[in-house]
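These numbers come from the heavy atoms of this one structure, side chains and all, not from hydrogens, waters or symmetry mates. In the text below, chain A, chain B and the rest are named by the order of the sequence lines, each starting its count at 1. Just so you know, these numbers come straight off a predicted model, no measurement behind them.
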Amino acid sequence: MDVGAAPARSARAGAHDAPWFPWALMAPTLIVLLILGVFPFLYSLYLASTNIILSKPYLETEFVGLYQYHELVQDRRFLNALKVTAIFTFFAVFIEFWAGLGLALLFRRRIRGKAFFRLAILLPMVLPPVVVGLTWRYLLYPHSGLVTYYSTLLFGFFGLPAPQFLSSPDAALQTLIMIDVWQWTPFMFLILHAGLASLPPEPYEAAEIDGASSWRVFWTITLPMLKPSIMIALVIRTMDAFRTYDTIAVLTKGGPGNATETLNILLTNIGFGFFNISKAAALSFIILVIIITLSFLFIRVFAKKQLDEA
Amino acid sequence: MDAKTRPQRGCGLKAAASLAALLAFTAMPAAAQTERQKALAGATVNILAVQMPQYAPLWAQIPEFEQQYGIKVNLEEASFDQMREKSLLDMSQGTGRYDIFTVDVMWLAEYVSAGYLHPLTQYVKDPELTAADYDVDDFLPRIYSGNGMWDGAIYNLPIGAGVTGHVFRKDMMEQAGLAVPEWYDKSWTTERFMEAVEKLNNPDAGVAGYVSQPQRWFWGWTFTQLMHAFQTDETAGDEFVDENWNVTINSPQNLEALKWYVGLAKYGPAGSANFGYPEMLSLYQQGKAAGALMYTEFVAGDLEDPRHAEISGKNIYLHTAIGPHGKIDPWFGSWGLGISRDSKNKEAAWTFMQWITHKNQSLKALKGGTAPTRHSTYKSEEAKQYTPHYVGIYDFMLNTTNPDTRIRVPEWAEISDVMGLYGNQAWLGEITPEEALTNMESEIKAAFRRGGYYREGAKNPPQLWRDLSVYDAKPSSWK
Amino acid sequence: MSMTQPLPVSPSAPPRERNWWVYVILLLVSFVALVPIVWIVLTALMDRAVAQSVPPQWIFTPTLEAFETLLTRYDMLLYMRNSAIVSVSATFFSVVLGMFCAYALARYEFPGKNDVAFWILSNRMLPPVAVILPIFMFFQTFKLLDSLVGLILLYTGMQLPFVVWMLKGFFEDIPRQIEESALVDGDTWFGAFRRVTLPLMAPSITATAIFVLILSWNEYAFAVFLTGAQTRTLPPAVASFIGGSDIQWNLLGAACVFITLPILLFVVAVQRQFVRGLSMGMMK
């Protein structure tokens, strides 16, 4: 990632060489992010240290230190949400990654109609998440939904009971994962497809001369060279899967029971169901720490490997 | 969508408006505007309204009001799911973006104790701002105070009220050889209900005996009514808490109620554990269930509308079943209009409110399916003709209904959520009914504790459900 | 940089005649991807009864009833206008601002560089629900509630981290010698940037902009709380259809078509640039 390690400053000296120059370029971005980011951050930090319930202004506000965090980590609903989120994120991103990579590899073959296939694959990603949620709610509607109807028919043909999509706890989470896969595999495909397209041909030519099997080529050449794209795709997807909201809110809102109550849905329930904003603020910091750790690990792991290989 | 159910905008409105203007000209003595009302012309009133089909006939009359008073009314509709969070966020920050909120009775205590709504009686009594023939005593006392009263004052003006019941397919009942009961049949007990549902259940034909809505978000409705029905004479009133605010939800009566409700699952459609109202309704509308849970305000739009030709007219409406100890669920549901504390146009807002809840407007809305709230509308010929299913509940709303079926506390939203989570898990079989009630008890207790109930010298709300006479006060007598 | 070359084909790819299974897979994937979309479009053309009929009807007399209801009952055109203004403006600002930031991070070495980059990314990590209350308060203080300007500012900020991180990778790919030779020729920094770097980056910037446009157009959680009757964008409007009791699927279908069609047509029109632009800078 370290491109300009030893810049040859042969060009005409000017403002662009001054140490403040990159900061000047970054200033507008940093200012916007500071404006929008710092106040919410500090205010949430304050909230999390108090006991404010927004709909109960008549209770006196007290400083409670780390009480909210302490409460949360012992709360079985929090632990359940953590588990649900981990399962959802891991399986969704895992399946999306391999499916997206597989499709991207298929696109390297000589096939006709690439433009059509590419468009078809990309479309689900373009839909607003709210629309995705509503569409699947319609498709999975009891009795009359398209998917419900045909799958009941199909399962009935084999003498099996009709599949439950959103009504049994396990199935509901699996269904949500598959909908996420439906919607976001295109993203993985797009990034990895782009990454594959920009790989230099030389290593492949060398491998062909060596007579390496395509399996070996994939593991020893394609995957390692694809790492930068993989990192971007995984970091962004993991972050987004972790905070999936719209589709779950439309489809199950956390139910049945709390089988699909992710951290984000729990946060919504605490924050906008009970208006217990102090607890919600504490929860959002826990979520932030988890996501930062995950992203940091991803970036470190990939960056380190690259250095090792360089 | 026919013209009369279309809210404010669009071409259908013009039709509605001209029709309304015609009616205004012929049928009613055009209410003379006072000087104060005339001075309000040019003001704008913003309403955040819940999107529910039964209130569309009210909003459809807005153009007529605008024409008559010169006050502009902006209606912003939010879905039921978003209504409370959007209202509370806005109220708590004091934006004054909305002058009027539609308020569900179950949220009234929360909004008012936080100070977010403005008391209304000063306007009701102001002849400069309220039509001379407004006749506040025409409202049923329990609807007026039940919908709007907190801490001795009125904050919410009713636009619709109703009770919970069941809807059954009369033809299917007859086919199954069951005697068809009537609304408030003394013999319609939980026991008989279960037998009927068992007989009606016909999975081979794809028809379930009864479809409920055990989804997590509806237990404040679905289970509360059963808790009431299963109490004994001694325990009535202690459904949620005793007189000292000790949480009593984990009682033998409630356990019996929960077991009974969970027992319904085997006569329901497969995989109904995550059914909410829309899913339940859809199955019933398609003839895939012989019975369903119903709320009277939904009947006109969801079952008896001409759009539902396949089922309309085949339904009978029953009150919820009578419990093993002879108790009946005294359900009370209502929506009203409240003025925001932060409104800068309170007088204009009130002018609209008193106009839209006037008997003339209520009568017109009744034809579109809005539930009556007044003696005159309940007894009107229009009610008999357009909404016969409402007529039967008049006496109930007058004498039996308990405005505090869902206890009147600011914590209701949380109580309802806690009931739903563990109730739904019990329905799924993930936990036993005993565990569900234990969990409900501990979390409801925690909610009360956070609300400051158990502190030394805490001023807890009065438990008015133990003596309903408070709600029987004449509407005009409220301060 | 070989952006005009056809996509390189793996030398180990088998000859075309053994590719039939590839078509099977691709057809299957396309089928799964398209059926829900096709069905919701068909539903938009159904009347109420057909939309919930069992079994599903694939052949029916199409009607524009749902669209008519939608357009007469709701201010859909106003919502669409709001959505367009907000998402196009936010895309413009986030790409223009983010571009320079990305350039600085890609080209310069300075202390704390990695920390700044990571901090920028971390702004994208909190779920919207977590910051709605403070953002709401912020908006109220600065009179930004119910205003498109506020929404534009917010979406610009929301998309900046994404823009910076995408473009950073692309900038790193452009050999710095090209710029330096321009500078040696006596051009100013901005002149060199505008005449040399920017044209090279155009496809990648376009691709990023398309992404950002889609994300802004689709944003829902903030829009629900921060918009009012006059400033509502399409996603919260569409979501309000399901809150009611008796869901009218054909209306919902029409609303989904309404919200998706503009962005869909746009993506179809620009998909070539989209894919090409993304393919550029993935290698470091």
C:A207, part contacting chain A, at a heavy-atom distance under 4.5 Å: neither
Given a strict heavy-atom distance threshold of 4.5 Å, which part of A:F285 is in contact with chain C: side chain, backbone, both, or neither? neither
To the nearest 0.5 Å, tell me how far A:Y138 OH sits from C:I40 CD1. 6.5 Å
Nearest 0.5 Å, what's the CE-OG distance between A:M239 and C:S122? 8.0 Å
Is chain C contacted by the side chain of A:I292, its backbone, both, or neither, given a heavy-atom distance below 4.5 Å? both
Less than 4.5 Å to any heavy atom of chain C: does that hold for the side chain of A:L146, its backbone, both, or neither? both
Ignoring hydrogens, what is the shortest heavy-atom contact between A:L36 and C:G157? Give both atom names and the distance. CD1-CA, 3.6 Å
The interface call for C:L154 against chain A, heavy-atom contacts under 4.5 Å, is both
Straight-line distance of C:W21 CH2 to A:R109 CZ, nearest 0.5 Å: 4.5 Å
Is any side-chain heavy atom of A:P128 closer than 4.5 Å to one of C:Y220? no
Between SG of C:C101 and CG of A:L33, what distance do you get to the nearest 0.5 Å? 8.0 Å
So for A:Y149, is it side chain, backbone, both, or neither that comes closer than 4.5 Å to the heavy atoms of chain C? side chain
Go through the steps to decide whether C:L121 and A:I299 satisfy the test side-chain contact (heavy atoms from CB on, under 4.5 Å), and finish with yes or no. CA-CA 11 Å; C:L121 187 66; A:I299 294 172; 4.1 Å; yes
Would you call C:W39 and A:L139 a side-chain contact if the rule is heavy atoms closer than 4.5 Å? yes
Heavy-atom contact with chain A under 4.5 Å, split by part of C:V163: neither
Let me know if A:L42 has heavy atoms under 4.5 Å from chain C in its side chain, its backbone, both or neither. neither
Atom group of A:V126 that falls short of 4.5 Å from chain C, counting heavy atoms: both
Assess whether side-chain contact (heavy atoms from CB on, under 4.5 Å) is satisfied between C:Y108 and A:W23, documenting all intermediate values. CA-CA 10 Å; C:Y108 290 92; A:W23 292 98; over 6 Å; no
Which answer fits A:V235, side chain, backbone, both or neither, if we ask what part of it has an atom under 4.5 Å from a heavy atom of chain C? side chain
Take atom OH of A:Y150 as the centre, draw a 6.0 Å sphere, and report whether it contains more than 12 heavy atoms from other residues, nucleotides or ligands. yes
Could you please spell out the steps behind the side-chain contact (heavy atoms from CB on, under 4.5 Å) verdict for C:L26 and A:F107? CA-CA 9 Å; C:L26 288 180; A:F107 263 70; 3.9 Å; yes
Side chain, backbone, both or neither: which part of C:V96 has an atom under 4.5 Å from a heavy atom of chain A? neither
Donor-acceptor list for residues 124-138 of chain C side chains, cut-off 3.5 Å, not counting sequence neighbours:
{"unit_1": "C:R124", "atom_1": "NH1", "unit_2": "A:D240", "atom_2": "OD1", "d": "2.9"}
{"unit_1": "C:R124", "atom_1": "NH2", "unit_2": "A:D240", "atom_2": "OD2", "d": "3.3"}

Quick check on C:I214 against chain A: is it the side chain, the backbone, both or neither that has a heavy atom closer than 4.5 Å? side chain
Considering only heavy atoms, which portion of C:F225 lies under 4.5 Å from any heavy atom of chain A: side chain, backbone, both, or neither? side chain
What part of A:F242 gets closer than 4.5 Å to chain C, counting heavy atoms only: side chain, backbone, both or neither? neither
Check each atom of A:I221 against the heavy atoms of chain C and say whether the ones under 4.5 Å are side chain, backbone, both or neither. neither
Crowding at CZ, C:F110 (>12 non-hydrogen neighbours, <6.0 Å): yes
Looking only at non-hydrogen atoms, find the nearest pair between A:R110 and C:Y23 and report the distance. O-OH, 4.5 Å
Tell me, side chain or backbone of C:F162 under 4.5 Å from chain A's heavy atoms, or both, or neither? side chain
Proximity breakdown for A:L119 and chain C, heavy-atom pairs closer than 4.5 Å: both
Would you say C:N123 and A:F41 make side-chain contact, with heavy atoms under 4.5 Å? no
Treating C:W217 as the side-chain partner and A:L127 as the backbone partner, does any N or O pair qualify as donor plus acceptor under 3.5 Å? no
Mind checking the CD1-CG spacing from C:I120 to A:L30? Nearest 0.5 Å is all I need. 5.0 Å
Based on non-hydrogen pairs under 4.5 Å, which of A:P40, A:A27, A:S44, A:S144 is most in contact with chain C? A:P40
Which region of A:L103, side chain (C-beta onward) or backbone (N, CA, C, O), has a non-hydrogen atom less than 4.5 Å from a non-hydrogen atom of chain C, or is it both or neither? side chain
Are any non-hydrogen side-chain atoms of A:W182 and C:P36 less than 4.5 angstrom apart? yes
Let's test your reading of the structure: which of C:P235, C:P55, C:C256 forms the most heavy-atom pairs below 4.5 Å with chain A? C:P55
Examine whether an atom of C:V32 lies under 4.5 Å from a heavy atom of chain A, and if so say whether it belongs to the side chain, the backbone or both; otherwise answer neither. both
Toward chain C, the part of A:L283 with a non-hydrogen atom under 4.5 Å: neither
Take A:F187 and C:F211 through the side-chain contact (heavy atoms from CB on, under 4.5 Å) test and state the conclusion after the steps. CA-CA 10 Å; A:F187 178 82; C:F211 246 123; 3.4 Å; yes
Hey, could you give me the OG1/CD1 distance between A:T135 and C:I37, rounded to the nearest 0.5 Å? 8.0 Å
Under the side chain to side chain donor-acceptor pair (under 3.5 Å) test, which residues partner A:D246, sequence neighbours left out? none
Picking from C:V35, C:L97, C:V116, which has the most non-hydrogen pairs under 4.5 angstrom with chain A? C:L97
